[in-house]
Amino acid sequence: MIQIKDLEKYYSTEDIKTIALNKLSFEVKEGEFIAVMGPSGCGKSTLLNILGLLDDCDGGSFIFNGEEVTNYNERKRANIRKHNIGFVFQSFNLIDQLTVFENVELPLIYTGMKKAERTKKVHEVLEKMQIMHRRKHFPLQLSGGQQQRVAVARAVVNNPKLILADEPTGNLDSSNGNEVMDLLTELNNQGTTIVMVTHSEHDAKFSHRIIRMLDGHKVTENSLV
């Protein structure tokens with residue numbers, strides 16, 4: 001599904017050039033659950049932004065589903081994101097002014113899906129995530145664990161091939177964190193590919209493979225299955 005080779009990313013000011021990704025190479029097969037680990041500033045979040053087609057790279061190759069996407073314009077990138085990629089963030093990134101239902105519905109609106117079909121899909125995913133009873137609530141009326149369930153529901157409502165998770169349990173206690181990891185594991189067991197950035201050794205053990213980064217490089221890669 002994902003093939004990156006010699007991926008490079010730089011951030012430059014007048015005085016300094018910071019290397020975020022330095023000739024990074026690895027592959028992710030369809031149906032895998034990958035954890036990416038490393039100290040703060042090693043390039044993990046930069047990598048996730050590039051994999052999610054939210055940011056450009058400055059060198060190297062990125063093949064997604066057999067397509068070289070490195071030089072795609074924003075319109076093409078947005079189209080791939082809409083139909084293939086779901087995002088789960090540490091800070092949930094829910095819209096406070098929208099209800100749970102409306103937050104989860106949002107990705108479907110972007111695809112142009114008709115309202116009746118949107119309603120059906122949102123209800124299905126809210127039932128699956130066991131938060132149907134909260135559909136009329138607003139994010140600030142929910143616990144952290146419930147907000148992350150909504151975020152996961154929003155990420156999967158369009159049946160994406162790939163979920164990118166950035167510290168998905170970082171703002172949760174251990175009980176709610178384990179619930180979120182169980183949800184991601186269940187989604188993976190159903191065929192969804194997952195790439196997760198995490199500092200948590202505990203969370204990383206839910207994955208099939210751990211890629212450890214340092215200074216923009218891949219330093220080790222360990223299989224857990």
Side-chain angles (χ1 to χ4, degrees), residues 33-40 44-45 48-49 51-52 54 81-82 85-111 113 115 117-208 210 224:
F33 188 162
I34 306 299
V36 181
M37 304 191 72
S40 296
K44 302 187 304 296
S45 292
L48 216 61
N49 285 338
L51 295 182
L54 298 171
R81 284 197 304 269
K82 280 192 301 186
I85 304 173
F87 298 88
V88 179
F89 303 95
Q90 176 179 347
S91 56
F92 316 136
N93 282 17
L94 301 176
I95 299 174
D96 292 338
Q97 293 77 20
L98 300 182
T99 64
V100 165
F101 180 97
E102 291 165 340
N103 267 282
V104 176
E105 182 187 30
L106 206 54
L108 302 178
I109 292 174
Y110 293 148
T111 67
M113 185 180 292
K115 183 172 179 58
E117 188 177 355
R118 293 201 309 264
T119 299
K120 181 175 182 290
K121 287 182 72 71
V122 172
H123 282 176
E124 286 174 353
V125 76
L126 291 179
E127 289 282 6
K128 184 176 183 179
M129 297 296 161
Q130 299 178 6
I131 48 173
M132 183 66 170
H133 62 296
R134 298 287 192 182
R135 65 189 180 280
K136 295 182 180 179
H137 288 68
F138 292 91
L140 294 179
Q141 296 175 303
L142 307 178
S143 69
Q146 289 170 335
Q147 288 186 60
Q148 194 60 297
R149 280 179 175 270
V150 176
V152 173
R154 181 185 59 190
V156 303
V157 71
N158 221 14
N159 297 317
K161 296 181 175 71
L162 172 67
I163 289 179
L164 300 175
D166 192 357
E167 300 284 359
T169 68
N171 285 335
L172 303 177
D173 59 32
S174 58
S175 176
N176 282 313
N178 283 333
E179 284 190 13
V180 169
M181 292 310 304
D182 287 340
L183 283 173
L184 292 177
T185 300
E186 181 182 351
L187 291 167
N188 178 246
N189 289 339
Q190 294 168 0
T192 306
T193 305
I194 299 176
V195 178
M196 174 182 69
V197 162
T198 182
H199 282 102
S200 169
E201 294 285 351
H202 172 268
D203 289 358
K205 290 177 182 176
F206 285 83
S207 70
H208 301 155
I210 301 175
L224 302 182

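Since we're looking at a predicted model, the values are computed, not measured.
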Which atom pair, heavy atoms only, marks the closest approach of V88 to A151? CG2-O, 4.4 Å
In Å and rounded to the nearest 0.5 Å, what is the CD1 to CZ distance from I131 to R135? 11.5 Å
Any side-chain heavy-atom pair from L172 and F92 closer than 4.5 angstrom? yes
Could you pull out all residues at least two apart from K121 that satisfy side-chain hydrogen bond (donor to acceptor under 3.5 Å, both in side chains)? none
Report the C-alpha separation of L51 and V195 in whole Å, then their side-chain angles, then the decisive distance to 0.1 Å, and conclude whether the side chain to side chain contact (heavy atoms under 4.5 Å, CB included) test is met. CA-CA 9 Å; L51 295 182; V195 178; 4.2 Å; yes
Between N49 (side chain only) and L54 (backbone N and O only), is there a donor and an acceptor less than 3.5 Å apart? no
Chi angles and distances behind the salt bridge (charged side-chain N to carboxylate O under 4.0 Å, His left out) call for K128, E124: CA-CA 6 Å; K128 184 176 183 179; E124 286 174 353; over 6 Å; no
Side chains of M37 and E201: does their closest heavy-atom pair fall under 4.5 Å? yes
For N171 versus S91, what's the shortest heavy-atom pair and its separation? ND2-CA, 3.7 Å
Looking at CG of L140 and CD of Q97, how far apart are the two atoms once the value is rounded to the nearest 0.5 Å? 8.5 Å
Using every non-hydrogen atom in the two residues, find where P107 and N158 come nearest and quote the distance to one decimal. O-ND2, 4.5 Å
Check: L108 and V122 side chains under 4.5 Å, non-hydrogen atoms: yes
Can you tell me how far the CG atom of L164 sits from the CG atom of L48, to the nearest 0.5 Å? 4.5 Å
I need the T192 OG1 to N159 CG distance, nearest 0.5 Å. 8.0 Å
Heavy-atom donor-acceptor pair, E127 side chain to M132 backbone, under 3.5 Å: no
So does V197 get a backbone contact from the side chain of D166, meaning a donor-acceptor N/O pair under 3.5 Å? no
Closest heavy-atom contact between L184 and I194? O-CD1, 3.2 Å
Separation between NE2 of H208 and CD1 of I34, rounded to the nearest 0.5 Å: 8.0 Å
May I ask you to test the L94-R154 pair for a side-chain heavy-atom distance under 4.5 Å? yes
Heavy atoms only: give me the nearest P139-N103 pair and the separation to one decimal. CG-ND2, 3.8 Å
Can you find a heavy atom in the side chain of S45 that is under 4.5 Å from one in the side chain of E167? no
Is it the case that the side chain of R134 and the backbone of V150 share a donor-acceptor pair, with hydrogens and angles ignored and the cut-off at 3.5 Å? no
R118 (side chain) donor-acceptor with E105 (main chain) under 3.5 angstrom: no
Closest non-hydrogen contact found for K205 with L224 is CA-CD1, 3.9 Å
Using atom types as modelled and distance alone, determine if a side-chain donor or acceptor of Q148 lies under 3.5 Å from a backbone N or O of F89. yes
Quick one: does K136's side chain have a donor or acceptor within less than 3.5 Å of a partner on F101's backbone? no
Side-chain contact, heavy-atom cut-off 4.5 Å: P160 with I85? no
Are any side-chain N or O atoms of R149 and backbone N or O atoms of M129, one a donor and one an acceptor, separated by less than 3.5 Å? yes
What's the spacing between F33 CZ and T193 OG1 if we round to 0.5 Å? 11.0 Å
Using 30° and 60° as the class limits, which term best fits the ring planes of H202 and F206: parallel, tilted or perpendicular? perpendicular
Can you tell me if K44 uses its side chain to pair, donor with acceptor, with the backbone of V36 under 3.5 Å? no
